Number of protein chains: 2
Amino acid sequence: MNKPQITIKDIARELGVSPSTVSRALKDNPDISQETREAIHKYAREHNYKPNALALNLRTSRSNTIGVIIPQLVHHFFSCVLSGIEETAAKAGYNILVAQSNEKYEQEVKIVHSFLAARVCGVITSLAKDTSQYDHYQELLDNNIPIVFYDRICTGINTERVVVDDYAGSFSAVEYMIQTGCKRIFFYSAAPHLEISKNRRNGYLDAMKKYKIPVNESMIKFCDTREQAIAITPDILERDDRPDGFFAINDETASGILYSCKLVGLKVPDEVSICGFTDGAIAQSTDPKLTTVEQHGKEVGKSTIDILIDKIEENTNTRSVNKIIRTNLVVRGTTK
Amino acid sequence: MNKPQITIKDIARELGVSPSTVSRALKDNPDISQETREAIHKYAREHNYKPNALALNLRTSRSNTIGVIIPQLVHHFFSCVLSGIEETAAKAGYNILVAQSNEKYEQEVKIVHSFLAARVCGVITSLAKDTSQYDHYQELLDNNIPIVFYDRICTGINTERVVVDDYAGSFSAVEYMIQTGCKRIFFYSAAPHLEISKNRRNGYLDAMKKYKIPVNESMIKFCDTREQAIAITPDILERDDRPDGFFAINDETASGILYSCKLVGLKVPDEVSICGFTDGAIAQSTDPKLTTVEQHGKEVGKSTIDILIDKIEENTNTRSVNKIIRTNLVVRGTTK
DNA sequence: TTGTAAGCGTTATCAT
DNA sequence: ATGATAACGCTTACAA
């Protein structure tokens, strides 16, 4: 029942050779005679020999492991990113250590230290909403551990970054709404200090500007959940100058807007257009289905890990890269 | 800039003591004199000494790491489970290695082997839809690595299991539909060989039986995605004996049913009731919102890791545990 | 109270 | 063509 893992020494003893011979034979070193090599391979196969990664790790001071920090695991976009990372990492033979910061700076610091202790070969991370200090990341760099940031990137230190093209995604969504007849589009944003809020806001503003549509502050709301949207939208719809379009920072919020519009009897998309951001499961399940900006989280993940592996294996000291993953507008039923 | 990690030997050399003294001092062994101990601690602190986990791992043949297999990362329920696992594991000082099987048996086998190579202390897993052989898991057990299965459990080998109370969830959902007037309820199931399919089917059957409602095989369909639901439901709705209720294996499928019903002009819930399973983001965003069975994924995760850590640390050879996490019905707009 | 030495499993270096 | 030895960083009998 309980067969403990067999080691090189075991093989050596059984076959009456030295451990070094076994080691060499196992990696097909041509120094070893055909005969010996085959015998060793055969024995290893039959006894299900597996090299002890722990020993290898110690020898090489490398763990073949990549640390991944996720602000929140239960989140469509982040799941996609993680999935992209996992797939590529697995193919390349790396294991991934996953930890979530829960948007807390303190937690993030702890995770980084645990990654340091585990001697990860590299780290992929997205900042917690909380984080505004970067010493812990600098510590990684000081230990020669490369970092790639995604989505919530860090401009405070010198590393690689992968972001979604929020600006362009936002611009083209708003432009599309304008082109299909919207004249008064509101923007529901997340916390204003976040990069994504700024970039999407700029895309919105620039699209409006391009078509010479006036915007004032009352048209931009801090609202990034379904509940909030349901709370604030009815009032907005009662105004004389009610909006004929809404651009929301995520699908959740857009679904809340949609709900509110239908509740007061407005026809979507005939009387009001709505556009979200993410293209998660929600977007397919509203009625009508949501027009939204697709974020390609999986590609973000794929890019981060590709860049990281490059860094790890080539150890190139090229200057840092900013990679931008394109977004694209998925037109469904909530816009004309 | 580049300060390499300092080792016990470094400290020993600098302080003119032996490595063993340093080792002992660092773990506050009372044998070491107050004075020496403090000096060593001080030096270690100042030079940011961190024990090399890789060396510890080799020494103890334990990696302090738990391997987690997830069928699909981009999936509400599984994200919740992973999140629960991560939180508890982090608190207990374990790192988690995450890998997704993508529902493929072959991938699952590869992952298990990579976990074996990484010398994980334990494994948490849910079977791929594909998997019907368990040798790879047996191999883990043979190496004394405990396993806890969650959700898609394996009854083929002797391990711990954590499941949601599919039977009761299913039973009470169907009972509720019956009590609110449904007389002819269809069940859309996942692959019949999966435990979850069997259990939910039994819940459905027993509820129907309790109220003496006849069921025949034509009322049970293998359909577990939105697309499939949209493909098969219209035909079903055209029958003379069309259903007045649908119980679906997940929210996605339920949202497809809802879509189809609305498309042919049936009123939900007046003419047709629909109930899903999961209570993810989708359930809140359909119109009307979905009645569904809440699964408590996070609790599932928490339980798996609790049980696993018990196994690892106590190494109790107690017989295996089946833990059942309660579900509860969330009544929203798609049922009366 | 402290030091010495062996060992975890592997491989690189230097013999033979 | 093969073997002996040392080393990766740490811990722990055992010795002093």
Side-chain angles (χ1 to χ4, degrees), chain A residues 3-41 43-44 47-65 93 116-121 143-144, chain B residues 3-41 43-44 47-65 93 114 116-121 143-145:
Chain A
K3 14 167 179 165
Q5 283 292 355
I6 139 179
T7 76
I8 281 193
K9 283 186 184 171
D10 297 327
I11 303 182
R13 189 173 359 89
E14 289 308 311
L15 263 45
V17 294
S18 81
S20 22
T21 303
V22 176
S23 172
R24 287 190 272 244
L26 252 16
K27 41 189 40 166
D28 289 319
N29 183 321
D31 284 354
I32 305 298
S33 74
Q34 182 82 7
E35 201 184 5
T36 316
R37 227 188 307 168
E38 276 171 7
I40 290 174
H41 267 119
Y43 189 95
H47 292 74
N48 198 24
Y49 168 77
K50 296 265 173 51
N52 183 330
L54 268 25
L56 266 309
N57 288 347
L58 176 58
R59 245 197 145 260
T60 57
S61 287
R62 286 178 81 269
S63 61
N64 218 43
T65 291
L116 223 29
R119 296 297 197 273
V120 297
C121 307
N143 281 286
N144 250 330
Chain B
K3 13 167 181 167
Q5 283 293 354
I6 135 179
T7 75
I8 280 192
K9 282 186 188 170
D10 297 326
I11 303 183
R13 191 173 358 89
E14 289 307 314
L15 263 44
V17 295
S18 82
S20 35
T21 302
V22 177
S23 172
R24 287 189 269 246
L26 253 17
K27 43 188 40 167
D28 289 319
N29 183 323
D31 284 354
I32 305 299
S33 71
Q34 181 83 7
E35 199 184 7
T36 317
R37 227 189 306 167
E38 276 170 9
I40 289 174
H41 267 119
Y43 189 94
H47 292 74
N48 198 24
Y49 168 78
K50 296 266 172 51
N52 184 330
L54 268 27
L56 266 310
N57 288 348
L58 175 58
R59 206 163 190 289
T60 57
S61 287
R62 286 178 82 269
S63 60
N64 218 43
T65 291
S114 78
L116 224 29
R119 297 296 198 275
V120 296
C121 308
N143 282 286
N144 251 327
I145 298 173

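So you know, we letter chains A, B, ... as the sequences are listed, proteins then strands, and number each from 1. All values reported here derive from a predicted model rather than from experimental measurement.
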Please report the distance, rounded to the nearest Å, between [atom1] in [X] and [atom2] in [N].
| X | N | atom1 | atom2 | value |
| --- | --- | --- | --- | --- |
| B:I8 | C:dT2 | CD1 | P | 15 Å |
| A:Q34 | D:dT2 | CD | P | 11 Å |
| A:R13 | D:dG3 | CZ | P | 15 Å |
| A:D10 | C:dC8 | CG | P | 10 Å |
| B:I11 | D:dG9 | CD1 | C1' | 12 Å |
| A:L56 | D:dA7 | CG | P | 19 Å |
| B:E38 | C:dT1 | CD | P | 14 Å |
| B:D31 | D:dC14 | CG | P | 15 Å |

Report the nucleotide, chosen from [options], that has the shortest atom-to-atom distance to any side-chain atom of [X].
| X | options | answer |
| --- | --- | --- |
| B:S33 | C:dT11, C:dT2, D:dA1 | C:dT2 |
| B:R24 | D:dT11, D:dC14, D:dT2 | D:dC14 |
| B:K9 | D:dC8, D:dT5, D:dT11 | D:dC8 |
| A:S20 | C:dG3, D:dG3, C:dG7 | D:dG3 |
| B:S18 | C:dA12, C:dG3, C:dC8 | C:dG3 |
| B:A55 | D:dC10, C:dT4, C:dG9 | D:dC10 |
| B:L58 | C:dT11, C:dA12, C:dC8 | C:dC8 |
| A:T7 | C:dT10, D:dT12, D:dT11 | C:dT10 |

For [N], take OP1 and OP2 only and decide whether either is under 4.0 Å from a side-chain N or O of [X].
| X | N | answer |
| --- | --- | --- |
| B:T36 | C:dT2 | yes |
| B:Y49 | D:dG9 | no |
| B:T21 | C:dG3 | yes |
| B:S23 | D:dG9 | no |

Approximate separation, where rounding is to 0.5 Å, of [X] [atom1] and [Y] [atom2]:
| X | Y | atom1 | atom2 | answer |
| --- | --- | --- | --- | --- |
| A:R119 | A:L58 | CZ | CG | 10.0 Å |
| A:H41 | A:L26 | NE2 | CG | 5.0 Å |
| B:L54 | B:S63 | CG | OG | 10.5 Å |

Nearest heavy atoms of [X] and [Y], plus distance in Å:
| X | Y | value |
| --- | --- | --- |
| B:N48 | B:Q5 | O-OE1, 3.8 Å |
| B:T36 | B:V17 | CG2-CG1, 4.4 Å |
| A:A25 | A:I40 | CB-CD1, 3.5 Å |

query = Got a donor-acceptor pair under 3.5 Å from the side chain of B:R59 to the base of D:dC10?
reply =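 Such a pair is found, so the answer is yes.
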query = Hey, is the main chain of B:P19 close enough, under 3.5 Å, to the side chain of B:S23 for a donor-acceptor pair?
reply =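 No, the answer is negative, given that no donor and acceptor are paired below the 3.5 Å cut-off.
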Set of residues satisfying side-chain hydrogen bond (donor to acceptor under 3.5 Å, both in side chains) with respect to A:N64, sequence neighbours excluded =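 Not a single residue meets the side-chain hydrogen bond (donor to acceptor under 3.5 Å, both in side chains) criterion with A:N64.
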key: Earlier contact from the 5' end, DNA chain C, for A:P51 and B:R37   =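 The residue mapped nearer the 5' terminus is B:R37.
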key: Rounded (10°) bend between the five-pair end axes of the helix from C:dT1-D:dA16 to C:dT16-D:dA1   =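 The angle separating the two end axes equals 60°.
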